[in-house]
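See below for the structure under consideration.
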Amino acid sequence: MSAHPCWLALCPGLACTSSPAEGSAEPLAAASAEALGWWALQFTPRVCRHDEAVLMEVSSSLRLFGGERILHERIVAGAAELGWAQCAAAPTALGALALARCGRAGAWGIGLNALLDGLPLDSLREVAAEAAWLSRLGCRHLGDVRRLPRAGLARRSERALLQTLGQAYGEEPWSAPWLTLPEVFEARLELPGRVESAPALMFGARRLLLQLCGWLAARQAGLRSFVLRWRHDFHRRDDPPLGELPVRTAEPTRQADHLLRLLGEWLAQVRLAAPVGELSLFCDEIEPLVEATPSLLPGVAEATAGESLAQLIERLSARLGPTQVCRPVPRSDHRPEAQQAWRPAAEAPATDTPEEPAVPQPAWLLSVPLPLATRMERPQLQGDLALLAGPHRIEAGWWDTGHAAAARDYYVASNERVGLVWIYRERRLEEGGGWFLHGRFG
């Protein structure tokens with residue numbers, strides 16, 4: 001833990017990593033201060049909003065994130081993606097804010113007075129309010145104001161001026177209410193221009209998803225689903241004014257790269273009814289998520305890095321269609337042909353696990369049971385079949401419309417030519433009451 005307070009101030013800027021449409025250089029609007037505060041909570045629980053800025057006290061987080069330089073660079077890079085380009089560090093909150101407003105990087109723990117003395121009067125709001133008469137006294141910088149006689153300055157100005165100066169320079173305490181997380185994530189982003197194709201919405205959706213992942217990290221949770229919504233501009237009377245795209249995941253996650261790839265696959269299949277001018281992102285289905293601790297062995301982290309099987313299945317399902325990528329799911333049913341069903345692979349796995357069968361069952365079943373000839377009422381399959389075990393009687397499926405009802409007596413049978421087989425005798429007269437081959441044991 002750092003021996004002195006470490007504050008970071010984030011102010012909105014014009015940074016933007018992508019434009020809203022191909023060929024456009026107009027930047028996206030910065031994320032709201034509230035949304036940026038939610039994102040900042042993944043680095044420290046001590047986040048607050050003041051004026052137009054977001055302030056973070058990170059002294060207790062330095063060791064966790066690898067030190068001052070690494071944490072500072074990580075926050076600066078992430079904030080720039082959200083449109084907040086100006087970031088400054090200082091031992092005081094208002095000192096960091098003043099430096100950020102002027103585009104200065106600042107520093108932790110050293111040289112604060114020298115850094116603040118050279119800032120203009122409008123770097124602090126309370127000082128800027130008195131700038132008219134202060135400038136007539138020859139004051140151009142905060143250092144000029146600080147060197148004025150305190151008694152005369154107190155008589156001619158509001159108390160807030162001296163108090164703010166003292167708080168910025170660390171001579172007086174400063175406090176603000178810490179930001180708390182909402183139970184549900186909902187953020188909106190107004191696009192600077194109309195977007196006419198769904199894939200181009202990814203430029204704005206990326207910013208909203210980064211805010212969402214920061215909110216999830218602060219809550220130590222992963223999402224199961226989220227909904228991207230958009231509002232149409234200049235739509236026709238018969239077109240809906242709103243559109244939305246729900247996205248589900250097979251397992252809880254907060255990996256921004258995976259969510260961005262997954263959303264991109266779904267947006268590639270969407271056709272917009274009209275140009276879009278505003279985006280919003282909503283998420284309320286989350287679960288606690290504890291990320292795996294990286295291995296201490298060299299090379300293991302690199303070998304295990306990459307996309308997991310579940311993430312690959314989700315992307316393929318989004319690209320090819322949910323019904324085109326399936327997996328077998330066990331079912332609790334006495335009929336062998338109904339004990340497995342194919343379900344979309346991207347869906348959450350079934351929680352109902354059937355019990356182990358009480359009698360031997362083969363690993364290989366025929367898709368359609370094979371009728372067997374009989375001789376002297378004995379089933380034939382390349383010769384007489386000797387009944388070794390049985391009968392195992394089942395009668396089920398009268399309620400099921402997907403499979404035929406069954407009333408059967410199952411036997412384990414064999415002979416020298418075919419080995420062990422699984423056969424049954426149909427007990428219903430309307431089915432012929434004959435013998436059928438249903439599976440093989442080897």
Side-chain angles (χ1 to χ4, degrees), residues 2-17 27 29-31 33 36-37 39-40 43-44 46-59 61-62 65-131 134-135 138-148 160-176:
S2 176
H4 52 78
C6 301
W7 286 89
L8 280 174
L10 301 172
C11 291
L14 297 178
C16 183
T17 56
L36 182 75
W39 171 85
F43 301 105
T44 173
R46 298 181 175 183
V47 177
C48 61
R49 294 173 54 190
H50 184 73
D51 294 343
E52 81 284 10
V54 172
L55 304 176
M56 308 165 58
E57 205 288 306
V58 296
S59 59
S61 303
L62 296 179
F65 287 93
E68 296 178 355
R69 182 183 60 82
I70 295 177
L71 177 59
H72 185 268
E73 291 176 353
R74 182 170 174 178
I75 292 176
V76 168
E81 285 194 278
L82 299 175
W84 291 65
Q86 298 177 6
C87 178
T92 66
L94 296 188
L97 175 58
L99 290 166
R101 284 170 174 166
C102 299
R104 311 286 179 84
W108 276 320
I110 57 173
L112 176 62
N113 290 359
L115 291 173
L116 296 182
D117 282 349
L119 299 183
L121 302 182
D122 59 359
S123 59
L124 290 175
R125 184 183 61 180
E126 289 76 7
V127 179
E130 308 281 352
L134 287 173
S135 61
C139 296
R140 298 291 182 269
H141 303 92
L142 295 183
D144 300 330
V145 180
R146 195 166 68 97
R147 285 187 287 269
L148 292 176
L161 186 147
L162 282 175
Q163 184 180 31
T164 299
L165 275 177
Q167 291 169 343
Y169 281 86
E171 299 167 355
E172 294 187 29
W174 180 88
S175 64

Rounded to the nearest 0.5 Å, what's the gap from CG on Asp117 to CZ on Arg147? Could you check?
5.5 Å
Calculate, to the nearest 0.5 Å, the distance between atoms CG and CD belonging to Leu162 and Glu126 respectively.
11.5 Å
Check step by step if side-chain contact (heavy atoms from CB on, under 4.5 Å) holds for His141 and Arg146.
CA-CA 9 Å; His141 303 92; Arg146 195 166 68 97; over 6 Å; no
Does the ring of Phe65 carry Arg74 above it, NZ/CZ under 6.0 angstrom from centre and within 45° of its axis?
no
Is there a donor-acceptor pair closer than 3.5 Å between any side-chain N or O of Thr92 and the backbone N or O of Gly170?
no
Of all heavy-atom pairs between Gly103 and Gln86, which one has the smallest distance, and what is that distance?
N-OE1, 4.5 Å
Roughly how far apart are Arg125 CZ and Glu52 CD, rounded to 0.5 Å?
9.0 Å
Got a second to check how far Met56's CE is from Leu36's CG, nearest 0.5 Å?
8.0 Å
Under the criterion side-chain contact (heavy atoms from CB on, under 4.5 Å), I'd like the reasoning laid out for Leu134 against Val127: C-alpha separation, chi angles, the key distance, then a yes or no.
CA-CA 9 Å; Leu134 287 173; Val127 179; 4.1 Å; yes
Reported CG-to-CG distance for the pair Leu94 and Leu165, which is rounded to 0.5 angstrom
10.0 Å
Thr44 (side chain) donor-acceptor with Ser61 (main chain) under 3.5 angstrom:
no
Minimum heavy-atom separation for Ala89 to Ala96, with atom names?
C-CB, 4.3 Å
Nearest heavy-atom neighbours spanning Ala168 and Leu116
O-CD1, 3.4 Å
Taking the six-membered ring for Trp, are Trp39 and Trp84 closer than 6.0 Å centroid to centroid?
no
Under a 4.5 Å cut-off applied to non-hydrogen side-chain atoms, are Leu119 and Arg104 in contact?
yes
Between Cys139 and Leu148, what is the shortest heavy-atom contact and its length?
SG-CD1, 3.8 Å
Distance in Å, Leu99 CG paired with Leu8 CG, rounded so as to fall on 0.5 Å steps
11.0 Å
Nearest heavy-atom approach of Arg101 to Leu124 is NH1-CA, 3.7 Å
Measure across Ser123 and Leu142 and return the closest heavy-atom pair with its distance rounded to 0.1 Å.
OG-CD1, 3.4 Å
Measure the shortest side-chain to side-chain distance between Leu97 and Cys11 over non-hydrogen atoms and say whether it is less than 4.5 angstrom.
yes
Do Leu62 and Ile70 have side chains that get closer than 4.5 Å, going by heavy atoms?
no
Return yes if some donor-acceptor pair links the side-chain N/O of Glu57 with the main-chain N/O of Arg46 below 3.5 Å, else return no.
no
Could you walk me through whether Leu71 and Cys6 pass the side-chain contact (heavy atoms from CB on, under 4.5 Å) test, one step at a time?
CA-CA 11 Å; Leu71 177 59; Cys6 301; over 6 Å; no
